[in-house]
Every structure is written in C-alpha cells, then in structure tokens.
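Naming: A, B, ... by sequence-line order, numbering from 1 per chain. Predicted, not measured: the structure shown is a model, and the values here were computed from it.
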2 protein chains.
Amino acid sequence: MLVQPKSLAAQVEHILRKRLREGVYPPGARMPSESELAAEFGVSRATVRTVLAKLAAHGLVLRRQGDGTYVNERLSQSSAHFGNLWDFNCLIESSGFAATIRLLKREIRAASEEEARALALRPGAGLLFLQRLFLADGKPVILADNVFPLTLFRVPPEAVDGTRPIRQLLREFAGREISFAITEIHAVPAPQEAAAFLRRELGAAMLRLKMSFYGKDSTPLVMGQSYFDDQVLHLSLVQAW
Amino acid sequence: MLVQPKSLAAQVEHILRKRLREGVYPPGARMPSESELAAEFGVSRATVRTVLAKLAAHGLVLRRQGDGTYVNERLSQSSAHFGNLWDFNCLIESSGFAATIRLLKREIRAASEEEARALALRPGAGLLFLQRLFLADGKPVILADNVFPLTLFRVPPEAVDGTRPIRQLLREFAGREISFAITEIHAVPAPQEAAAFLRRELGAAMLRLKMSFYGKDSTPLVMGQSYFDDQVLHLSLVQAW
DNA sequence: TAGTGGTCTAGACCACCCG
DNA sequence: GGGTGGTCTAGACCACTAG
C-alpha cells in the first residue's frame with residue numbers, strides 16, 4: 001500500500017492531512033476508526049495512533065474515547081496552526097493569500113553586544129543582515145529583519161538567496177535544520193521604517209515579533225525582529241490539550 | 001515502582017517534569033537513556049518514549065538520534081510554553097510572579113448577535129459576563145472580559161466564583177473540560193477602560209487577545225477579550241518540531 | 001453489548017553518533 | 001562496535017460511549 005521514501009507514519013500523516021485539506025473528511029465529520037485506517041494503509045494500529053495523536057495535538061481533529069475521531073470544524077477561523085507562526089510564508093499562505101518576499105537590504109556587519117550574546121558569538125563577529133518585506137497578494141504585511149552568523153554559511157554570503165523562507169535558507173546555504181524557536185510578542189507604536197513600508201501611520205499600534213531560532217544542538221542560528229500588520233493578516237493560534 | 005492513580009505515562013511525565021523543574025536534570029545536561037528510564041520506572045520503553053516525545057514537542061528537551069536526550073537550556077528566557085497562553089494564571093506564575101485575580105464586574109445579560117453566533121446560541125440568550133483584572137505581584141497586567149452561556153452552569157450564576165482561572169471555573173461549576181482554544185492576537189491602542197485599569201496612557205499600544213474555548217465535542221464554552229500589558233509581563237512562546 | 005479510543009508490553013530492526 | 005534514539009509490529013486489556 002505504501003512505499004518507503006520517509007517513515008510510514010510520515011506517509012500516513014501526509015495522506016490524512018491531504019484528505020482533511022481537500023474535504024475527503026469534511027469539517028465536523030467522523031473519521032474512520034483507527035483499525036480501519038490501519039487496515040487501509042497496511043500498517044499497525046500503533047502507527048496510525050501516533051499520527052492521529054499528532055493531528056489532535058495540532059487541533060486538526062478531536063478524539064473521544066468510546067466514540068470516534070472527528071474533524072475539527074472550527075479551524076477555518078484560524079491561520080497559524082501551531083507550527084507556522086515562525087514561517088511567515090506558511091502563515092500568509094494558510095490565510096489564503098499568495099506570499100512573496102522582497103529583499104530590501106543585505107549587509108555584512110559586526111555583531112552588537114546584544115546580538116553577540118543572543119547568538120553565542122564574540123562581539124564584533126561577522127553577521128549577515130537581511131531586511132525583507134513579506135507581501136500577501138501583493139500587499140505588504142510583514143517587515144522582517146534577520147541576522148545570521150557569517151560562520152554558519154557554507155557559501156559566500158553574497159550567494160545567499162534573500163527571497164527564501166528562513167527554514168529553506170538555512171537548509172540550503174548552511175545545511176542546518178531548525179529545531180525550535182522562541183518568539184516574543186509585543187505591541188509597539190510603529191517606528192518610521194515599519195510605518196513607511198507597511199503603509200501605516202507613524203505610531204500606529206503594531207505587533208512586533210522577536211524570534212530566535214535554534215538548531216538541534218541548541219545552537220542559536222538566527223535572530224529576527226519583525227513588524228506585523230495585523231489589519232490585513234490575522235495572527236491566530238490554535239492550542240489543543 | 002509506580003502506583004496507578006493515573007496512567008503510567010502521566011506519572012512518568014509528572015516525575016520527569018518535576019526533575020526538570022528542580023534541576024535534577026540541569027539545563028543543558030544529558031538525560032538518562034530511554035532504556036534506563038524504562039528500567040528505573042519499571043515500564044516499557046514505549047511508555048517512556050511517549051512521554052519524552054511530548055516533552056520534546058513542548059520544547060523542554062531536545063533529542064538527537066544516536067546521541068541522547070538533552071535538557072533545553074534556553075527555556076529560562078520564555079514564559080508561555082505553548083500550553084499556558086490561554087491560562088493567564090499559569091502565564092503569570094511561570095514568569096515568576098505571584099498571580100491574583102480581582103473580580104471587577106459580574107453581570108447577567110443577553111447575548112449580542114456576534115456573541116450568539118460565536119457561542120452557538122440564539123441571539124438574546126442569557127450570558128454570564130465577568131470582567132476581571134489579573135495582577136502579577138500586585139501589579140495589574142491583564143484586563144479580561146469573559147462571557148459564558150448561562151445554560152452551561154449546574155449552579156446558579158451567582159454561585160460562580162469569579163476569582164478562579166477559567167479552566168477551574170468550567171470544571172467546577174459547569175463540569176466541562178476545555179479541549180482546545182483559538183486565540184487571535186492584535187495590537188491596538190489602549191481604550192479608556194484598559195488604560196485606566198492597567199495604568200497606561202490612553203491610546204498606548206497594547207496587546208489584545210480574543211480567545212474562544214471549546215469542549216471535546218467542539219461546543220463553544222467561553223469567549224474572552226483581554227488587554228495585556230506586555231511591558232510588565234512578556235508574552236513569549238516556544239515552538240518545537 | 002459492540003465498537004471506539006486509551007494504555008501498555010516485549011521484542012525487533014534500523015539509522016545514527018561517538019570513541 | 002556499542003549505545004542511542006527512531007520506527008514498527010502484534011497483541012492484549014481497559015474505559016468509555018452509543019444504540
């Protein structure tokens with residue numbers, strides 16, 4: 001039934017997510033039982049269970065002992081499904097817009113004291129600075145500044161494609177995978193630059209996201225500071241327990 | 001080794017979280033292997049694995065194939081561990097403050113059209129409205145409005161203790177468990193009421209959180225709108241993959 | 001009472017990292 | 001090579017919900 005490019009569980013998850021997305025299992029509907037799914041895919045019930053547990057943790061489905069697994073019908077309201085808050089491209093696209101990234105600035109400069117501390121570098125170490133504008137259906141929605149340690153890259157920093165999402169950029173040019181991220185969310189009056197690029201009045205209330213991304217070994221990979229126009233793009237999170 | 005008040009996995013999780021909290025496994029340290037933990041607790045490796053997977057998903061530990069499981073040392077920076085964003089009491093306490101709730105207003109009124117839609121009621125249905133102020137070490141940090149359908153409660157609405165966290169309140173007075181929540185995060189200029197209670201200037205940039213809580217059967221339980229003073233309390237989220 | 005999800009086990013094999 | 005986490009299985013029993 002299934003071939004093996006990735007794990008069985010990953011394949012099952014991919015198929016189920018696709019069915020949920022395409023409405024094969026419509027919102028509110030009851031899904032097949034664990035045994036039925038296991039039989040259909042030719043895997044053990046345990047494998048199906050790990051997948052369903054993950055989908056439930058992300059709020060896509062609701063499970064009731066003695067009853068069944070149901071498709072969460074309230075997810076249409078929400079954009080950021082737990083794992084795409086950090087990836088603005090995903091966030092924009094899952095809100096139903098077409099996402100594009102425009103590179104505004106690319107500099108190589110020395111790390112400030114704060115940056116050095118956060119990235120576990122010595123002050124003055126080389127950084128690649130990227131300023132980028134994220135557009136949703138052509139409308140500017142996020143202004144993002146990112147700094148990367150130069151030592152991270154396997155290619156000259158000029159070769160780094162600034163129009164890629166961060167995850168891809170790290171994978172492709174640094175051979176690194178993001179393992180976790182810490183995001184701090186603040187409300188601030190729009191500074192001049194953000195107001196200009198996002199077409200808001202100076203001082204208007206805006207969201208500012210300060211993110212740090214780390215690798216598997218807990219190495220700091222990237223820092224970022226972003227201004228987010230929540231009038232166009234809504235920041236909404238699903239949490240499940 | 002373990003008695004059975006809850007599931008084995010829940011007990012193991014409780015013990016490991018406690019050890020992490022108390023520094024038995026200090027930040028950055030390598031934890032015992034799955035087999036060692038399984039032997040210590042007298043459970044199968046599979047049971048240990050489900051627990052470690054959960055801790056990893058919440059960002060508490062990092063796992064590396066062929067190497068080991070390590071305590072995430074960057075979590076001290078973060079307050080909201082993606083499971084307590086919705087519970088302001090937890091959020092305040094895990095930021096290191098003492099949390100108290102002050103009940104400002106308690107009303108019984110009819111549902112507006114928007115409220116009725118969101119709570120799946122007919123317009124004009126009875127609601128319990130609570131306005132509450134959350135204090136961190138005595139300083140006001142969150143102003144929260146909540147509306148509950150009156151039909152939810154098993155006791156007269158006057159008997160509902162307005163100084164409890166929402167989860168407890170629903171459990172105790174309605175016999176309901178929260179299954180998931182959807183939170184929308186905006187930056188807005190502080191309205192008069194919020195500015196007054198949170199001691200900020202009128203129009204200052206503030207976070208507004210609009211939350212909806214749902215039960216296992218996807219029933220809407222509560223709606224809330226909260227103003228959050230992010231100058232005292234930081235809103236920071238950990239995400240892991 | 002039948003069927004569902006919830007829990008747990010024992011064991012197997014693999015992929016990976018390190019010394 | 002030895003130990004680690006990653007994957008998967010087959011089967012058992014329990015707790016719960018519905019009809």
Side-chain angles (χ1 to χ4, degrees), chain A residues 1-16 25 29-57 60-72 175-177 179 215-219 240-241, chain B residues 1-16 25 29-57 60-72 175-177 179 215-219 240-241:
Chain A
M1 181 64 213
L2 299 174
V3 285
Q4 275 262 24
K6 295 180 291 186
S7 73
L8 292 178
Q11 294 174 70
V12 171
E13 181 178 348
H14 183 257
I15 294 175
L16 291 184
Y25 306 137
R30 179 182 175 149
M31 291 178 60
S33 74
E34 299 180 346
S35 315
E36 286 169 335
L37 290 172
E40 179 190 347
F41 297 126
V43 300
S44 77
R45 198 186 137 209
T47 302
V48 171
R49 273 188 65 74
T50 63
V51 173
L52 289 179
K54 191 169 170 186
L55 297 181
L60 275 70
V61 302
L62 302 169
R63 321 192 67 198
R64 294 205 285 280
Q65 183 173 155
D67 185 352
T69 301
Y70 292 80
V71 181
N72 190 343
R176 301 296 201 111
E177 289 290 333
S179 175
K216 263 271 171 201
D217 48 1
S218 196
T219 324
W241 295 277
Chain B
M1 179 66 211
L2 298 173
V3 285
Q4 274 263 18
K6 294 180 289 185
S7 73
L8 292 178
Q11 294 174 71
V12 171
E13 181 179 348
H14 183 257
I15 294 174
L16 292 183
Y25 307 137
R30 179 182 173 148
M31 289 178 60
S33 73
E34 299 181 347
S35 314
E36 286 170 333
L37 290 172
E40 178 190 348
F41 296 125
V43 301
S44 76
R45 199 185 138 211
T47 302
V48 171
R49 273 188 64 73
T50 62
V51 174
L52 290 178
K54 192 169 170 185
L55 296 181
L60 275 70
V61 300
L62 302 169
R63 320 192 67 199
R64 293 204 285 280
Q65 182 172 155
D67 186 351
T69 301
Y70 292 81
V71 182
N72 189 341
R176 300 297 200 111
E177 289 291 332
S179 175
K216 262 271 169 201
D217 49 359
S218 196
T219 324
W241 293 277

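Comparing A:Gly66 and B:Asp67 by the nucleotide of DNA chain D that holds the closest heavy atom to each, the one mapping nearer the 5' end is B:Asp67. If A:Pro32 and B:Thr47 are placed on DNA chain C by their nearest nucleotide, the residue sitting closer to the 5' end is A:Pro32.
Whole-Å rounding puts the B:Lys54 NZ to D:dG6 P distance at 18 Å. Atom CG of A:Leu8 and atom P of C:dA15 are 13 Å apart (whole Å). Atom-to-atom, NZ of B:Lys216 to C1' of C:dT4 comes out at 13 Å; the value is rounded to the nearest Å. If you take CG of B:Asp217 and P of D:dT17, they are 11 Å apart, rounded to a whole angstrom. In this structure, B:Tyr70 places its OH atom 9 Å from P of D:dG5, rounding to the nearest Å. Here D:dT4 presents its P atom at 18 Å from CG of B:Leu62, a figure rounded to the nearest Å. Between A:Glu36 atom CD and C:dT4 atom C1' the separation is 10 Å, expressed in whole Å. Between the CZ atom of B:Arg30 and the P atom of D:dG3 there is a distance of 12 Å, given to the nearest Å.
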List the steps and the verdict of side chain to side chain contact (heavy atoms under 4.5 Å, CB included) for B:Val43 and B:Gln11. CA-CA 11 Å; B:Val43 301; B:Gln11 294 174 71; over 6 Å; no

Steps toward side chain to side chain contact (heavy atoms under 4.5 Å, CB included) verdict (B:Leu52, B:Leu16): CA-CA 9 Å; B:Leu52 290 178; B:Leu16 292 183; 4.1 Å; yes

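In terms of heavy atoms, A:Thr50 sits closest to A:Ala9 at OG1-CB, 4.1 Å. Nearest heavy-atom pair across A:Ala240 and A:Ala56 is CB-O, 3.3 Å.
If you check C:dT9 for Watson-Crick or wobble pairing at under 3.5 angstrom, you find it paired to D:dA10.
For B:Ser33, counting side-chain heavy atoms from C-beta on, the closest listed nucleotide (D:dT9, D:dT4, D:dG6) is D:dT4. Residue A:Glu34 has its side chain nearest to C:dG5 when only D:dT4, C:dT4, C:dG5 are considered. Across D:dC8, C:dC8, C:dT7, the shortest atom-to-atom separation from the side chain of A:Arg49 is found for C:dT7.
Among the protein residues, B:Arg64 comes within range of the sugar-phosphate backbone only, with heavy atoms under 4.0 Å from sugar or phosphate atoms but none that close to a base. Within the nucleic acid shown, A:Thr69 comes within 4.0 Å of sugar-phosphate atoms alone, with no base atom in reach, counting heavy atoms only.
A salt bridge does not link B:Lys216 with B:Glu177: every distance from a Lys NZ or Arg NE/NH1/NH2 to an Asp or Glu carboxylate oxygen is 4.0 Å or more.
Under the rule for a side-chain hydrogen bond (donor to acceptor under 3.5 Å, both in side chains), A:Arg30 has no partner lying at least two apart in sequence or in another chain.
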Show me the protein contacts with nucleotides 11-14 of chain C, counting only N or O atoms at under 3.5 Å.
from, atom 1, to, atom 2, distance (Å)
C:dA12, N6, B:Arg45, NH1, 3.4

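Two residues are said to be in side-chain contact when any heavy atoms from C-beta on lie closer than 4.5 Å; A:Phe41 and A:Ile15 meet this criterion.
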